[in-house]
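We name chains A, B, ... by the order of the sequence lines, and we start the count at 1 in each one.
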Amino acid sequence: MPMNLKLSWKLALIGISSSVPLLCGTFYLINKYTNKDIRIAVLEQYGNRFLQPLDDLIEHLPEHQALEQQRRQGDPAVAAALAASEAQVNRAFAELQARTSELGPALQYAGQDAAQQLRAGVQLAKLQQAWLELKHPSEHFSAEDIAARHVQLRAEVRSLIAYIGNTSNLILDPELASYYLVDAVLVALPQTQDRLASLLTAGSGLLRQPVLPAPERIRLAGQALQLGESDLDRIARDVRTVLAAETNPPSGQADLAPSLLSAYQPYADATATFVVLLKRVAESGSPAVSATELTEAGERARRHSFALWATAQRELDRLLQRRIDGLNQARNAGLGLVALSLGLAVGVTVMVARNINRIEQQIRELNATLELRVARRTIELEAANKELESFSYSVSHDLRTPLRGIAGFTEALSRNHRSRLDAEGGKYLDRVLAAAERMGHLIDDLLNLSRVGRADLVRRPVDLSAMVRSIADNLQHTAPQRPVEWVIGAGITGEGDSRLLRIVLENLLGNAWKFTAKQPAARIEFGAAPGPDGRTACYVRDNGAGFDMNHAAKLFDPFQRMHSLNEFPGTGIGLATVKRIILRHGGQVWAEARIDAGATIHFTLESLPA
Amino acid sequence: MNLALPKFILLVEDNPDDEELTIMALRENHMKNEVVVAHDGVEALDFLFGSGKHAGRDLSEMPALTLLDLKLPKLSGLEVLKRIRLDERTRLLPVVILTSSKEDADLIAGYSLGCNGYVRKPVSFPEFVEATRQVGLYWLLLNETPPTKGL
C-alpha cells in the first residue's frame, strides 16, 4: 500500500478490501447452491420433455400393429390408415432423435455411470432397429411373432422411459406434488397404457371365439384386476396426492387441479367401465359382451389415459418451471441483496473515510495551532528562565554586597572599637555578625537550589558507593576526633548527573553527620534495597536525632527545619535541593524517622536497576 | 630595571563599602602597597592607558596587581578585562577578578578572557581578610611580574 495515501483512504481500502471478498464469497455461495437446485430442476424438465415422444410411441405402435394385422388379413381399406399410422410412429422416432441430440448430452452428464450414458444411444438405436423390422414386417413373421416383437418393443420404450427418469433425476424429485406427477408420468401411466395395448390387441382375437377357454378367462380376470386395482388405484392415489399437495398453490400461480381433474375423471370412468366389462367376460366365459363394445371401451380407456398422461406431463413441466422461476427469483433477490450490501459497505466506508478525512484535517489544524501555542509558551518560558537567571545573579551579587558591608564593618567595629562599648554592646555586635553570616549561607543555598533547577542534566553511570566514601572522608576530615561508624554498601551505581548526585549525597550525608553529632555511637549507613514499587531505592540512614513523622510532609519544602537553630544549624534548603535533583532525575524521595531514633532518607533514580 | 617603582595595586570597585573593606583587609594583612581606585570600567581603562582624567600619566608605572570587580557602571569588568588583554601594553598585567558572583558563566567568561585569578568575596570579614592575604601574598610578594618594557 503506498504510504503517501491519506489515513482515511487507507482505512477505506482496508474496509472495502475486507468486505468485498466476503460479499463475493456470499455471492458465489448463493449462486452455487441455487444454481445447483436450478440445474437439477432444469434437468428434470429436460427429462420430462424427453418423455413425450416415448409415450407417443406407446400410443401409436399398437395402432400400427392393429392396422398391420388387418392388412395381413387382406383388408385393403386399411392401406391409407396404415400409412398414416406409420407416419405417426416415424414422427415420434424423429422427435425422439431430435430430443436425444438436443437434451441427451445434458442428461448424460447428470448420469454417473459411463455405461449408463452409453445405454441411451444404444437403446434408441435398438428401438429404431426394432421399428424398422416391424414397419414392413417380413412375410415369414407370424402374427404371434409380430405381437411378441411389439410387446418387446413397448417394454424397451418403457425401460427407456425409466432410464430417462433416472438420468434426469426425475425419480428423485424433492417435492410432493411433482413427485407424484412423476410417478404417474414415468411409471403408472405407461404401465397401464402398455397393459391396455396388450389387452386390446389380444382381446379382439379372443372375443371371436364362441367360448373362452378357462386359462384365457383366468388370464383376462388377472388383467382386469391389474388394470383396476393396480393401475387405476395407483394413478388415483397419485392424482389425489398431487391435488392435496397443491391445495394452496403459491399466489399468482395457476391452480393445476381443474385441468388434472378434468383429464383424470374421464380416464378413471372409462377404465372402470372397461374393467367391469372385462370382468364380466372373464366370469361368464362367453361373449356376453360384444367385441365391438369391449374394444370401444378399451379404446376409450386408452385414449383417456394418453390425455391424462399429456395433462400430467404438462402440469409436471409447469411445476418444474414454477420451481425454477422461484429459485431464480430467490437467487436474484439474494444476489441483489449482496450487491446492495456491497454498495452499502462501499458507501459507508467512503462516508467514514470522508469523516476521518475531516477529523484528520481538524487534528492537523489543531496540531498547527498547537505548535504555535507551544512555540509561544516556549518563548514565554525562556523569558521566565532568563528572568530567573538575572534574579539569581542579582541575589548572588547585589544582595551579598550590602551584606558583606554589614558583616565587614561590624567586624571592624568589633575588632577596633570594642573597648568603647560595654559588654552588652559587644554581644550585640557578635549577634549582628552571626546573623549576617547566616544570611550569607541562606543566599548561597538559595543560589544552589536555583542552579539545580537550571543546570543541564548530563546522565552518565555514577559509582554512588565511591562517591559516598569520598564525601564521608571529607566529613570525617572536618572532625577527625568524632567516632562515626560508616557502613557503605559496595558496588551501588546509578545513572545520572554526577555533579548533581554529589550535591544530593553531600546534603544527605551532611545531614546525617550533623544530626548524629550528639550521638556517642554514631552510625551512618548507605545502601540499596527494593522500594515499595519494587524498584531499587538507595538510602542514607543515621541513628541521630531523627524527627517527628507528623512533620515529614514538609520535610522537603524550602526553609523547613525540623530542629531549632540552637540544636542544629542549617538553612532548611538542603532537602529541598535533594528533592529537586531527584525529581529532575525522574526519581522519588521519601523519609522515615522517629524522634531520637534516627532518620532514613530513601531515593530512587529513573535508571536505577529494578 | 627600575627598582624604585613601588608595587601598587589597582582596585576597580564601584561600591565604596567594598572599596573600604578591601583596603581594610589589605591593611589587616600589613600590605602597605599603594592602592589606586577606579570607580568604574571607563576610569580603570583611562588609568591604564593614560586617557581621560588620567591623560598624561606615566605609563611606565603599571599596577603589580589589578583587583577587578565584575559588576561595574559604564563598562563591565569583563569588558575591561578584554581591553586589557587586547592592548600590547597591558597584555601581561596580572588581573584577579574579585567579585560577589560565583555564577559559572562569570567564572568561565573571566578565565576565557585571561584573568589570572578569580576570588569570590566572602560575606564574613575574617574570611575576606584571609582571601585577600593569600591573593596579596602570591601576586605582590611571590610572583615575579613580567618586564614592563618590551624585550
Side-chain angles (χ1 to χ4, degrees), chain A residues 385-418 429-458 497 499-500 503 569 571, chain B residues 11-31 35 37 39-41 67-73 75-80 97-110 118-133 135:
Chain A
N385 212 27
K386 276 221 169 69
E387 213 166 281
L388 190 69
E389 270 173 42
S390 77
F391 171 75
S392 20
Y393 190 84
S394 299
V395 168
S396 160
H397 207 282
D398 298 354
L399 233 53
R400 284 169 56 94
T401 305
L403 188 60
R404 201 164 44 249
I406 294 168
F409 290 114
T410 309
E411 180 75 28
L413 198 62
S414 169
R415 285 189 189 196
N416 305 332
H417 309 282
R418 204 177 180 98
L429 287 182
D430 289 343
R431 299 286 282 272
V432 173
L433 280 174
E437 190 178 338
R438 188 170 144 65
M439 186 160 173
H441 287 309
L442 268 174
I443 290 172
D444 283 353
D445 285 352
L446 262 182
L447 276 176
N448 278 336
L449 185 61
S450 88
R451 195 170 292 136
V452 159
R454 285 181 289 135
D456 288 335
L457 211 64
V458 183
D497 188 303
R499 216 163 45 97
L500 293 178
I503 293 175
T571 57
Chain B
L11 175 63
V12 189
E13 174 65 70
D14 67 315
N15 186 314
D17 285 355
D18 273 358
E19 177 191 332
E20 183 152 0
L21 284 172
T22 309
I23 292 170
M24 269 168 67
L26 288 169
R27 299 295 171 254
E28 197 81 18
N29 288 316
H30 311 293
M31 295 181 191
V35 177
V37 180
H39 296 97
D40 59 57
L67 295 173
L68 179 64
D69 194 8
L70 286 184
K71 209 176 177 210
L72 293 168
L75 210 59
S76 79
L78 289 173
E79 196 61 32
V80 171
I97 291 171
L98 191 63
T99 179
S100 301
S101 162
K102 66 165 190 178
E103 287 290 299
D104 289 352
D106 285 339
L107 268 161
I108 291 163
Y118 191 110
V119 175
R120 186 172 178 247
K121 293 182 231 175
V123 168
S124 153
F125 187 68
E127 286 175 33
F128 189 35
V129 169
E130 174 60 18
T132 316
R133 189 185 71 79
V135 170

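Using a 4.5 Å cut-off on side-chain heavy atoms (C-beta onward), B:Met24 and A:Glu411 make no contact.
Applying the 6.0 Å contact sphere to CZ of A:Arg499 captures no more than 12 heavy atoms from other residues, nucleotides or ligands. For A:Arg415, the CZ atom counts as densely surrounded, since its 6.0 Å shell holds more than 12 non-hydrogen atoms of other residues, nucleotides or ligands.
When all heavy atoms of A:Arg404 and B:Ser100 are compared, the closest pair comes out as NH2-OG, 2.9 Å.
Of the residues considered (A:Thr410, A:Leu433, A:Ile443, A:Leu403), A:Leu403 shows the highest number of contacts with chain B, using heavy-atom pairs under 4.5 Å. Of the listed residues B:Asn15, B:Val129, B:Val123, the one with more heavy-atom pairs under 4.5 angstrom with chain A than any other is B:Val123. Among the candidates A:Gly408, A:Pro402, A:Ala412, A:Gly405, the residue making the largest number of heavy-atom pairs closer than 4.5 Å to chain B is A:Gly408.
Every residue meeting the salt bridge (charged side-chain N to carboxylate O under 4.0 Å, His left out) condition with A:Asp444, not counting sequence neighbours, appears here in chain and number order: A:Arg400, B:Arg120. Listed by chain and residue number, nothing satisfies the salt bridge (charged side-chain N to carboxylate O under 4.0 Å, His left out) test with B:Asp17 (two or more places apart in sequence, or in another chain).
For B:Pro126, the parts sitting under 4.5 Å from any heavy atom of chain A are the backbone and the side chain alike.
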